[in-house]
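Small disclaimer: the values here were computed from a predicted structure and weren't measured. What you see below is based on every heavy atom in this structure, not just the backbone, and it leaves out hydrogens, waters and symmetry mates. In each ligand, atom 1 is the first atom listed, and ligand 1 is the first ligand listed.
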Amino acid sequence: MKDPVNIISLSGGKDSTALWLLAYQRLEPHIAVFADTGNEHQQTYEYIDYLEREIGPIRRIKADFSVQIARKREWVQTKWREEGISETIIEQALSVLYPTGNPFLDMCVWKGRFPSTKARFCTVELKVRPFFDQVYLPLLEEGKRIVSWQGIRAAESLARSKMPEREETPEGYEIYRPLINWTVEDVFAMHAKHNIEPNPLYKLGMGRVGCMPCINAGKMELFEIARRFPEEVERIAQWEEIVKLASKRNGASFFASSDGEQIWDKVEWSKTVHGGKQLDLFKALAFEDVPVCSSQYGLCE
Ligand code: SF4
């Protein structure tokens, strides 16, 4: 059987870093790939650079939506007019239907909306498809056998606990999940063994590293992000204004909302208790008094 090309899918989080270290430790030839969503924290970009200096080269890929946005421009100019959409809305949409080079923003401008827990197209558009089109497909066309290493652990969720360690995909490559039975302690022990620091965001209270914020962020996570990284919330607030212009209904909220609540409204809600009816005084005070180090994983000394 042909030697496989091992592809390590890196996110800048603890699990994928441990995954990469495992491949490195086993002396398995591999390619490490980071799919940039355009919605990562600056410290994650810096961490990816750090890993590259300490461990080895990282291939960076990102989705490009310029073709979809060009098609959407045509669609807006023809179909929206045929549907009787107002000229104001059409002109608004055309004013922002240009690629910016930021994959997350461009995806939302193309779709005229943000992803949501019910329509979670972001993972496919920003990670799965760029990996397949830019990394796997060219190798498959060369006749290579691919093993896609993924840093998934059973303990993370019920869905993940049912995933097998190895699996063949219909697209013709194999998925390998060597961390499936690892604990979070095993993951950080792997970092320590190779003298690699975990992503600094874990010491700043983040439970997970990925989009900042993720559309699935819970109340507490949003609270923590907003008090530590208000600039990230402000960036999303600006994106809401842009995506709103690309939307036929002239509205767009980063977190799904039936009454058009914007991200700063959700931040205010994150400070409340009793179903959002009452301000939580403890949280309100904590919002102003941010501890320097607070890790959910006991990483702070
Ligand atoms: S981290 Fe969240 S927002 Fe980012 S691609 Fe995944 S599901 Fe979407």
Side-chain angles (χ1 to χ4, degrees), residues 8-17 19 33-45 47-48 60-65 68 100-135 148 150-153 156-160 163 175 177 187 198-202 204-226 228-229 231-240 242-243 246-247 252-257 261-263 266-267 270 296:
I8 314 293
S9 170
L10 269 186
S11 68
K14 62 188 186 323
D15 297 324
S16 66
T17 302
L19 181 77
V33 183
F34 168 65
D36 179 6
T37 63
N39 187 21
E40 319 282 338
H41 192 279
Q42 183 57 32
Q43 293 200 37
T44 293
Y45 292 117
Y47 185 67
I48 291 289
R60 293 159 175 79
I61 59 170
K62 62 179 184 177
D64 176 1
F65 297 101
Q68 291 91 328
T100 65
N102 181 301
F104 201 104
L105 176 59
D106 287 352
M107 171 187 71
C108 298
V109 165
W110 160 45
K111 298 264 188 188
R113 58 166 293 177
F114 287 93
S116 68
T117 42
K118 285 191 183 146
R120 218 184 75 170
F121 49 79
C122 43
T123 313
V124 168
E125 296 294 347
L126 299 171
K127 301 240 179 199
V128 177
R129 209 177 305 247
F131 256 96
F132 187 74
D133 292 350
Q134 297 176 39
V135 183
S148 168
Q150 298 183 0
I152 283 173
R153 292 182 300 108
E156 290 176 282
S157 69
L158 184 62
R160 292 187 169 201
M163 291 180 175
I175 294 176
R177 305 181 181 100
V187 166
N199 188 316
L201 292 173
Y202 291 116
L204 296 175
M206 298 297 110
R208 48 165 287 285
V209 166
C211 284
M212 174 71 78
C214 169
I215 50 145
N216 296 320
K219 194 173 186 181
M220 207 48 222
E221 193 179 352
L222 177 60
F223 174 82
E224 204 58 51
I225 289 172
R228 289 180 183 274
F229 312 117
E231 66 285 356
E232 304 296 338
V233 178
E234 185 50 36
R235 172 174 54 79
I236 297 292
Q238 288 170 13
W239 286 5
E240 283 180 327
I242 296 169
V243 177
S247 147
S253 306
F254 185 81
F255 292 112
S257 160
E261 279 185 317
Q262 304 286 277
I263 191 163
K266 292 286 188 183
V267 169
S270 78
Q296 295 184 23

Is there a side-chain contact between T17 and Y47, using heavy atoms and a 4.5 Å cut-off?
yes
Examine ligand 1 and decide if any of its atoms is less than 4.0 Å from a heavy atom belonging to C122.
yes
Is the shortest side-chain heavy-atom distance between K14 and V209 below 4.5 Å?
no
Mind checking whether T37 has a heavy atom under 4.0 Å from ligand 1?
no
Return the residue, atom name and 0.1 Å-rounded distance of the protein heavy atom closest to atom 4 (Fe) of ligand 1.
C211 SG, 2.3 Å
Polar contact flag, side-chain donor to acceptor under 3.5 angstrom, Q150-S9
no
Here the atoms of ligand 1 under 4.0 Å from any heavy atom belonging to R208 are 1 (S)
At less than 2.8 Å, would any N/O/S atom of C214, backbone or side chain, sit next to atom 4 (Fe) of ligand 1?
no
Shortest protein heavy-atom distance from atom 3 (S) of ligand 1, along with the residue and atom involved:
I215 N, 3.5 Å
No-hydrogen, no-angle side-chain donor-acceptor test under 3.5 Å, T100 and D106
yes
Identity and separation of the nearest protein heavy atom to atom 6 (Fe) of ligand 1:
T123 OG1, 3.8 Å
Can you find a heavy atom in the side chain of I236 that is under 4.5 Å from one in the side chain of P213?
yes
Lys/Arg cation over aromatic F254: K266, 6.0 Å, 45° cone
no
